[in-house]
S.K.: 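First, the structure itself, so that you have it in front of you.
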Amino acid sequence: MKAPLLLLAAFVGCQASTTPVVTHSVDWLVDHGQFVEAVRTAARDMEAHPGDVKIQRQHRLATIAWHLDQARTLTLGGQDDEALRQVQFALELEPDNHVVLSWDLKTRSKLGSEWLDVAQALHSADDLSGAHEAYVKALGFRPDFVEAEAGLIQVQRQITYRDELGEDYYDQGVRAVSNWQLDAAHSRFVASVKYRPGDPRPMRRVSEVERDIAARHARIAGQLEEAGKHAAARNDFRVALLLDPTNETAQQGMQRARVEAQADEFLLNGKMATLRGEFREARQILLEGQKVSVARPNMFDQALAEIQEAQVKQAYEKAISLEHDFRYQAAIAKFGQVLAVEDYYEDSRARMETLKDYVSDAAALYKQVLAAEEDAEALQLLRQIEVFWPEYQDIRKRIQVLEEASADSDA
């Protein structure tokens, strides 16, 4: 610890060459807080009176006062470690000095309390290793710190318990692996890593089990892919790659499944558009999906064919509705559209022929109505038309007129 004294002496020497000599005593200077000047004066006195024990003591006390003043400034600035260092310099100059001993105890107590706060915060955060280190540092400054000692004992017990618990989880994981219970083994090894972070064995086991689980997911994904469930296969391939990014089977399968899952979305959207009767949009979607799919382009051919079937069905149902609404000419045209696509679709041909007969018969009978000389004859012909085509031209009005005329004549 002589270096600080030499540095201080050098500092004092430099100052002495530029500053006039003062007449105040060393004791006066120390009492008035002029510690640098006190050391400087004491150093000059030592040079003038070498070997004087009293002057040497004054120089030592002035130097101690200067170190304690430095310690005070550092403490106020929150630099307690440096403050303790200055106190230690002073303590080496005079180990039995009660003022220096008081400063040493006070500084160490402050540092011990600060490290206790750090330890307790780390302990609360479950950082047992960090808490253990902080408790040890707190006790290093204050060996009699009861709270720090109690915290250290508790954290040591927890570390021991967790170390034993980690070993137990590790053993459980090993047994689970031997029984091919991979998921259970993985959870046990992960727990072991948590409780024994410095042990490389559970970490190595976690990696091994994750590779095995990844291989299992890759096999499941392959089965789903063969079953045509590409979205589900994509998910399992993704899990496999999360666990083992080096799994080549999962890498290749992920590429295939991603493409085919996208194609499945096109297929689903196309079929939904078909069900909604949006045939043009459905065809565009399916043709685009057919370009995407690599493994199953023929699957879209069937969906495209289903659009035509849906269109025919829609046209047939529309023709039936027109028929029920007595719009026979329009119904005949719609049935004609159906039969243009399929020669024999349901009963389209029979219905169309029947409607054509209705149109022909109605026209022939109506012509006779116009040529009839008697109202009774005309009414009879109109009623024949009414049986199969009640909304044909103006037959309702003609029937009403003839019935009213007949009623008046009877009256």
Side-chain angles (χ1 to χ4, degrees), residues 228 263-291 293 296-372 375-406:
D264 284 340
E265 292 181 8
F266 278 106
L267 183 64
L268 176 61
N269 292 334
K271 288 186 174 182
M272 292 300 295
T274 300
L275 291 175
R276 293 193 300 268
E278 300 169 356
F279 303 121
R280 184 175 181 179
E281 180 183 355
R283 182 172 285 101
Q284 291 176 347
I285 293 172
L286 293 173
L287 289 173
E288 187 175 354
Q290 194 171 38
K291 296 176 184 178
S293 179
R296 308 162 298 151
N298 295 335
M299 177 178 61
F300 287 86
D301 292 335
Q302 180 181 353
L304 289 166
E306 290 173 359
I307 293 178
Q308 181 173 304
E309 294 176 5
Q311 287 178 306
V312 171
K313 182 179 179 181
Q314 186 184 72
Y316 172 79
E317 292 174 350
K318 180 61 176 178
I320 296 294
S321 297
L322 292 169
E323 179 184 344
H324 291 165
D325 196 35
F326 303 109
R327 296 161 65 186
Y328 293 157
Q329 287 93 342
I332 290 169
K334 189 60 69 174
F335 279 127
Q337 292 178 9
V338 172
L339 294 172
V341 178
E342 292 191 25
D343 287 341
Y344 297 95
Y345 185 83
E346 300 291 342
D347 56 352
S348 295
R349 189 168 296 281
R351 285 181 174 274
M352 186 176 70
E353 294 301 328
T354 299
L355 293 179
K356 286 181 177 180
D357 290 341
Y358 286 168
V359 172
S360 176
D361 292 345
L365 290 170
Y366 191 77
K367 185 177 181 180
Q368 294 179 38
V369 169
L370 297 178
D375 289 347
E377 180 184 359
L379 183 58
Q380 182 183 10
L381 292 169
L382 288 170
R383 291 193 182 281
Q384 291 181 37
I385 299 172
E386 185 183 31
V387 170
F388 61 87
W389 199 346
E391 295 185 4
Y392 182 73
Q393 294 199 23
D394 60 346
I395 65 169
R396 289 185 183 275
K397 184 176 181 181
R398 286 180 176 275
I399 290 173
Q400 182 181 2
V401 171
L402 290 174
E403 285 181 342
E404 289 176 354
S406 176

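Heavy-atom basis, side chains included; hydrogens, waters and symmetry copies ignored. Bear in mind the structure is a predicted one, so any value in this text is a computation, not a measurement.
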S.K.: Which residues satisfy the side-chain hydrogen bond (donor to acceptor under 3.5 Å, both in side chains) test with Asp357, sequence neighbours excluded?
M.R.: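 Applying side-chain hydrogen bond (donor to acceptor under 3.5 Å, both in side chains) to Asp357 gives none.
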S.K.: Please say which of Leu365, Ile395, Leu381 ends up in a side-chain contact (heavy atoms from CB on, under 4.5 Å) with Glu386.
M.R.: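 Between Glu386 and the candidates, side-chain contact (heavy atoms from CB on, under 4.5 Å) is satisfied uniquely by Ile395.
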S.K.: Walk me through whether Glu404 and Gln400 qualify under side chain to side chain contact (heavy atoms under 4.5 Å, CB included).
M.R.: CA-CA 6 Å; Glu404 289 176 354; Gln400 182 181 2; 3.4 Å; yes
S.K.: For the backbone of Val359 and the side chain of Trp389, can you confirm whether one donor and one acceptor N or O come within less than 3.5 Å of each other?
M.R.: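 Checked: no pair found.
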S.K.: Indicate the atoms forming the closest heavy-atom contact of Val369 with Ala378, along with that distance.
M.R.: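 Heavy atoms only, the tightest pair is CG2-O, 4.0 Å.
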S.K.: Can you check whether Lys356's main-chain N or O pairs, donor with acceptor, with Ser360's side chain at less than 3.5 Å?
M.R.: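 No; zero donor-acceptor contacts below 3.5 Å.
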S.K.: Which atoms form the tightest heavy-atom contact between Arg349 and Tyr344, and what is the distance?
M.R.: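 Result for this residue pair: NE-CE2, 3.8 Å.
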S.K.: Output side-chain donor-acceptor pairs under 3.5 Å for residues 327-343, partner residues at least two apart or in another chain, one line each.
M.R.:
unit_1, atom_1, unit_2, atom_2, d
Tyr328, OH, Phe388, O, 2.7
Lys334, NZ, Gln337, OE1, 3.3

S.K.: Distance check, rounded to the nearest 0.5 Å: Gln384 atom CD versus Asp361 atom CG?
M.R.: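 Going from the CD atom of Gln384 to the CG atom of Asp361 covers 10.0 Å.
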S.K.: Please list, chain by chain and in numerical order, all residues satisfying ring-ring contact (aromatic ring centres under 6.0 Å, His included) with Tyr366, sequence neighbours excluded.
M.R.: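 Tyr366 satisfies ring-ring contact (aromatic ring centres under 6.0 Å, His included) with Tyr392 only.
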S.K.: About how many Å separate CG of Asp375 and CZ of Arg398, when rounded to the nearest 0.5 Å?
M.R.: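 Going from CZ on Arg398 over to CG on Asp375, the span is 11.0 Å.
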S.K.: To the nearest 0.5 Å, tell me how far Lys397 NZ sits from Leu382 CG.
M.R.: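 Atom-to-atom, Lys397:NZ and Leu382:CG are 13.5 Å apart.
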